[in-house]
Amino acid sequence: MTPKNNFAPRVLDWFDQHGRKHLPWQHNKTPYRVWISEIMLQQTQVTTVIPYYERFMRSFPDVYSLAAASQDEVLAHWSGLGYYARGRNLHKAAQALVNDWEGEFPATQEGVCELPGIGRSTAAAILSISRNEPLAILDGNVKRVLARFHAVPTWPGERKTETAMWALAEAYTPQDRCGDYTQAMMDMGATLCTRSNPSCERCPLKEDCEAFAMGAPTAFPKSKPKKAAKPVRNTQMLVVQRGETILMEKRPASGIWGGLWSLPELDFDDDTIQVAELRLGVQVDNVISLSPFRHTFSHYHLDIVPYKLVVQEKAQVNEAAKYQWFEISEALKLGLPTPIRSILETAQEAVGTQPQLNL
DNA sequence: AAAGCGGGGCA
DNA sequence: TGCCCAGCTTT
């Protein structure tokens, strides 16, 4: 990492010229007032928060009034903001402040982090803005700014990436005007360095922003690795019944289920009877639908639609080497792929119980 | 419909 | 400790 020495001054200059400085929580910046605003802003945009914030402050002007209120009263003021667990935490934390801290916020970040609903970043925001403590924040806004500035190549959700980004955040946080810097970084993330359509031209950091230099600001922060959305494949599987026996197929030695006994399979959109008769060389007397189900492999889902085909007693099949007739109970003693085993078990139970489709 | 959001809470 | 979730928004 090569911190640019003038990072913070540039951010602060931008803030002095363009930052928002007259939001309701930006005057009389007590820890209490900053705290309430930070919690509300975690989940909601500035314009929505303003009326809620003002109403909340009117009813609960200080930590004592908040602590003394009932949870229902507090939640009534939260109504419409969502995330009510955070409203409840707010109330609990107010009571903890009154009971354990004589109504004052702890002096240290660790102390503030003890309060329910406040973690490292929110604690730093409260203390830097209200008391000008030189503590770094790393909320979504700051993560975005830093990820772009350094073209951070990995997903911030990874532990080591997040640790590295905390180190960056600390390296850039100035000793002076830390509160303004905190506000400025949030403001930049909210108004310039937005998730989509960032206003790079107006950004005071663009000359040294690696993502901007790459011409790809929105490529950062790297998004969460996709859970490799497993493709879905479809197949038909056939339980070909001849008297008391069913037809098992020996799979090729390599590939999926290599060398195992399985069931004859058709493409999903093959005409079941027609293709079965053609390929196996048997005549189908009767078709019984079995329950379709999904089998999931490590890399794809296989949706299996099983059918039972009843064929004539003396049917012979083509390619006899690949096939063998087994009683179901005998077939179940073979080493079978799991979904094949389930089909056979189902077919065994289902004899005579399924509605029959005579064709 | 999918990802992002800070902190909580679980294994 | 490390990972995933709740509950809502934005894209």
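Nothing here was measured: the structure is a model prediction, and the numbers come from that model. Just so it is clear: chains get the letters A, B, ... in the order the sequence lines come, proteins before strands, and each one is counted from 1.
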Item to complete: Mind calculating the distance between CZ (A:R88) and P (B:dG7) to the nearest angstrom?
Response: 17 Å
Discussion item. I want to check a possible cation-pi pair here: A:R251 against A:W261, using under 6.0 Å from ring centre and within 45° of the ring axis as the test.
Written reply: no
Practice prompt. Could you check how far NZ of A:K222 sits from C1' of B:dA3, rounded to whole Å?
Written response: 16 Å
Discussion item. For a quick test of reading the model, state the closest non-hydrogen atom pair linking A:C200 to A:K206 and the distance between them.
Written reply: O-CD, 3.4 Å
Worksheet entry | Length of the CG-C1' vector between A:L90 and B:dG7, whole Å | 14 Å
Item to complete: Taking only Lys NZ, Arg NE, NH1 and NH2, and the carboxylate oxygens of Asp or Glu, determine whether A:R10 and A:D208 approach each other closer than 4.0 Å.
Response: yes
Worksheet item: Under 4.0 angstrom, heavy atoms only, what part of the nucleic acid is A:T44 near: base, sugar-phosphate, or nothing?
Response: nothing
Please tabulate, one pair per line, each protein N/O and nucleotide N/O from nucleotides 8-11 of chain C that are separated by under 3.5 Å, including the distance.
residue : atom : partner : partner atom : Å
C:dC8   : O2   : A:Y83   : OH           : 3.0
C:dT10  : OP1  : A:Q45   : NE2          : 2.5

Discussion item. Rounded to whole Å, how long is the line connecting atom CG of A:L41 with atom P of B:dG4?
Written reply: 21 Å
Fill in: Which nucleotide in B:dG7, B:dG4, C:dG2 has an atom nearest any side-chain atom of A:R159
C:dG2
Discussion item. Can you measure A:L138 atom CG to B:dG4 atom C1' for me and round it to whole angstrom units?
Written reply: 14 Å
Item to complete: Could you check how far NZ of A:K143 sits from P of B:dA3, rounded to whole Å?
Response: 17 Å
Worksheet item: Atom CG of A:D139 and atom P of B:dG4: how far apart are they, to the nearest Å?
Response: 15 Å
Item to complete: Report the C-alpha separation of A:Y52 and A:F56 in whole Å, then their side-chain angles, then the decisive distance to 0.1 Å, and conclude whether the ring pair (Phe, Tyr, Trp, His ring centres under 6.0 Å) test is met.
Response: CA-CA 6 Å; A:Y52 280 90; A:F56 198 94; 9.6 Å; no
Response to the item:
Quick note, A:R144 side chain, CB onward, closest among B:dG4, B:dC5, B:dG7 is B:dC5
Worksheet item: Would you say A:Q71 has more than 12 foreign heavy atoms packed within less than 6.0 Å of its CD?
Response: yes
Worksheet item: In whole Å, what is the span from the NZ atom of A:K160 to the P atom of C:dG2?
Response: 12 Å
Item to complete: Let me see the working for A:D16 and A:R177 under salt bridge (Lys or Arg N to Asp or Glu O under 4.0 Å), right down to the final yes or no.
Response: CA-CA 11 Å; A:D16 290 338; A:R177 296 191 66 193; 2.7 Å; yes
Worksheet item: Does A:R202 count as lying over the ring of A:W14, i.e. NZ or CZ under 6.0 Å from the six-ring centre, within 45 degrees of the axis?
Response: no
